[in-house]
Amino acid sequence: MNGGLLVAGTTSDAGKSVVTAGICRWLVRQGVKVAPFKAQNMSLNSFVTREGAEIGRAQAMQAQACRVEPTALMNPVLLKPGGEQSSQVVLLGKPVGELSARGYHGGRQQKLLGTVLDCLAELRGTYDAVICEGAGSPAEINLRRTDIVNMGIARNARLPVLVVGDIDRGGVFASFFGTVALLSREDQELVAGFLVNKFRGDVSLLEPGLDMLHGLTGRRTYGVLPFRHGLGIDEEDGLRVSLRGTVRESAVAPPVGADVLRVAVCAIPLMSNFTDVDALAAEPGVVVRFVDRPEELADADLVVIPGTRGTVRALEWLHERGLADALRRRAAEQRPVLGICGGFQILGEHIEDEVESRRGRVEGLGVLPLRVRFAPEKILTRPEGTALGERVEGYEIHHGVADVIGGDAFFSDDEGHSLDGCRVGQTWGTHWHGSLESDGFRRAFLREVAAAAGRRFVPAPDTSFAALREEQLDRLGDLIEQHADTDALWRLIESGAPQGLPFIPPGAPA
């Protein structure tokens with residue numbers, strides 16, 4: 001096999017990322033050497049590869065589904081929104097500038113097509129199959145001229161296209177038909193068929209509609225995937241947070257101790273890598289919720305301030321909502337607070353920012369002894385260390401450089417020298433994303449939080465976050481294997497779109 005496939009969707013959040021991961025896991029279980037690919041991704045949830053490149057977390061999860069190490073080739077263009085009108089452009093894992101949406105779609109995007117195609121070609125030369133994920137809908141006709149992630153790459157790389165539709169939203173037949181009918185004749189030739197996602201009920205009731213859709217479009221449906229909780233992978237959309245999470249939807253065992261532990265996550269603007277708290281939510285007896293009012297902190301045993309692409313804006317938002325004063329009171333009362341990345345910076349004395357917000361010096365909450373200066377170069381690393389007597393791994397993605405001038409070290413090396421972060425009383429801060437996925441450290445940290453909160457909470461001794469992720473990816477593979485026509489999918493990946501697919505009018509200009 002030396003094939004490929006583009007998984008497109010009728011809309012954003014139709015299930016492209018999940019289906020791509022599921023196909024990848026199904027293929028690797030068949031002995032296929034497979035890789036994921038997304039030419040262009042807009043996401044505030046990102047990851048750092050071993051070579052120090054920043055890519056979308058969804059592609060990192062899809063690489064895990066393939067049982068391969070993620071690389072920048074798998075997501076050559078990453079857009080990190082800084083607001084409604086502009087994004088940081090990350091090319092091959094490194095930031096190259098800030099552009100407005102008009103500036104990006106007005107010329108820069110199309111110039112990246114060659115780079116994107118080179119990355120895809122390199123992957124296809126290395127792997128048996130490459131499963132590509134589109135973005136939004138391929139029928140966004142206002143953007144088709146400069147498209148490098150949907151039909152633009154499908155046509156250049158001659159990839160067959162599978163269109164996923166979320167039937168739980170309703171209108172899936174109209175969405176399937178309309179998607180094809182809005183594409184040009186040349187684009188339609190590559191759209192092989194459809195995949196229904198999130199179906200509830202008796203599939204036999206759906207079959208007459210699928211038969212009619214086949215008659216109207218000449219294209220078959222490659223499967224009907226049932227609705228399942230807890231099968232999403234890390235959120236991508238940088239301007240919308242569904243707060244569904246992945247592990248947070250999964251059933252977990254009952255608490256080990258007598259009490260649960262309540263975690264409140266401040267839903268700050270431009271929240272990034274809020275997936276950090278999934279590892280907390282995976283613990284039996286830990287209840288995670290997102291909050292935006294000070295009253296919601298009252299019964300929280302731990303408050304988390306997550307990362308953000310807009311540290312100064314998030315700080316202003318905390319003041320506007322009355323959360324800043326509530327956080328200061330918590331710190332003074334020795335009630336646990338954890339700041340991660342931008343949340344860590346917010347807890348410091350002041351921030352000097354001529355890079356992200358360009359607001360100059362801004363006073364922080366002043367509960368941790370650190371001063372932050374934003375540097376033009378982004379720090380992208382995969383650090384390791386120890387904390388609370390346990391090994392910890394994480395990853396760093398930030399422009400802010402922290403000068404820690406007091407408190408106790410949070411993460412240290414084997415000789416006890418501070419590596420990152422600090423702690424004062426029960427207020428903790430670190431730049432390390434993903435540290436809570438280290439099972440021993442997470443359990444030790446939760447024991448400290450429970451003791452400070454006076455809760456009879458006991459971490460489960462055997463929760464493995466990595467194992468939970470693997471189980472989740474296996475469930476995605478099972479979903480494809482059990483509910484999709486895998487023989488037909490195999491032919492599609494290996495041989496491309498069927499010949500002679502009919503044109504559905506009116507189409508769009510080529």
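Nearest heavy atom pair, residue Thr463 against residue Ala282, reads CG2-O, 3.9 Å. Looking at every heavy atom in both residues, Tyr222 comes nearest to Leu195 through C-CD1, 3.8 Å. Minimum heavy-atom separation, Ile493 to Leu27: CD1-CD1, 4.0 Å.
Contact check on Glu98 versus Arg309 returns a salt bridge, with a Lys/Arg side-chain nitrogen under 4.0 Å from an Asp/Glu carboxylate oxygen. Note on Lys378 versus Glu54: salt bridge recorded, some NZ/NE/NH1/NH2 to OD/OE distance being below 4.0 Å.
Side-chain atoms of Arg442 come within 3.5 Å of backbone atoms of Leu436 as a donor-acceptor pair (strictly under, hydrogens ignored). When atom types are taken as modelled, the side chain of Asn75 and the backbone of Lys38 share a donor-acceptor pair closer than 3.5 angstrom. Under a 3.5 Å cut-off, the side chain of Glu51 and the backbone N or O of Ala72 do form a donor-acceptor pair. The main-chain N or O of Leu280 is never found under 3.5 Å from a side-chain atom of Glu283 such that the two would form a donor-acceptor pair. The backbone N or O of Glu393 lies less than 3.5 Å from a partner atom in the side chain of Ser438, making a donor-acceptor pair. Of the possible polar contacts, one joining the Arg382 side chain to the Val48 backbone as a donor-acceptor pair under 3.5 Å is found. Between the side chain of Thr308 and the backbone N or O of Gly310, at least one donor-acceptor pair lies under 3.5 Å. Not a single donor-acceptor pair under 3.5 Å links the side chain of Asn150 to the backbone N or O of Gly136. In this structure, the side chain of Asp147 engages the main chain of Gly152 through a donor-acceptor pair within 3.5 Å. Under a 3.5 Å cut-off, the side chain of Glu437 and the backbone N or O of Gly434 do not form any donor-acceptor pair.
Judged by the 6.0 Å distance and 45° axis criteria, Arg469 is not positioned over the aromatic ring of Phe465.
Between the side chains of Asn45 and Ser43, no donor N or O sits under 3.5 Å from an acceptor N or O.
Listed by first then second residue, pairs satisfying salt bridge (Lys or Arg N to Asp or Glu O under 4.0 Å) with a partner in residues 16-30 read Arg25-Glu470, Arg25-Asp474, Arg29-Asp474, Arg29-Asp478, Arg29-Glu481, not counting sequence neighbours.
Note on ring orientation: taking the six-membered ring where Trp is involved, the planes of Phe290 and Phe274 are perpendicular (angle over 60°, cut-offs 30° and 60°).
Checking each of Gln59, Arg57, Glu133 against Ser17 for a side chain to side chain donor-acceptor pair (under 3.5 Å) leaves exactly one that passes, namely Glu133.
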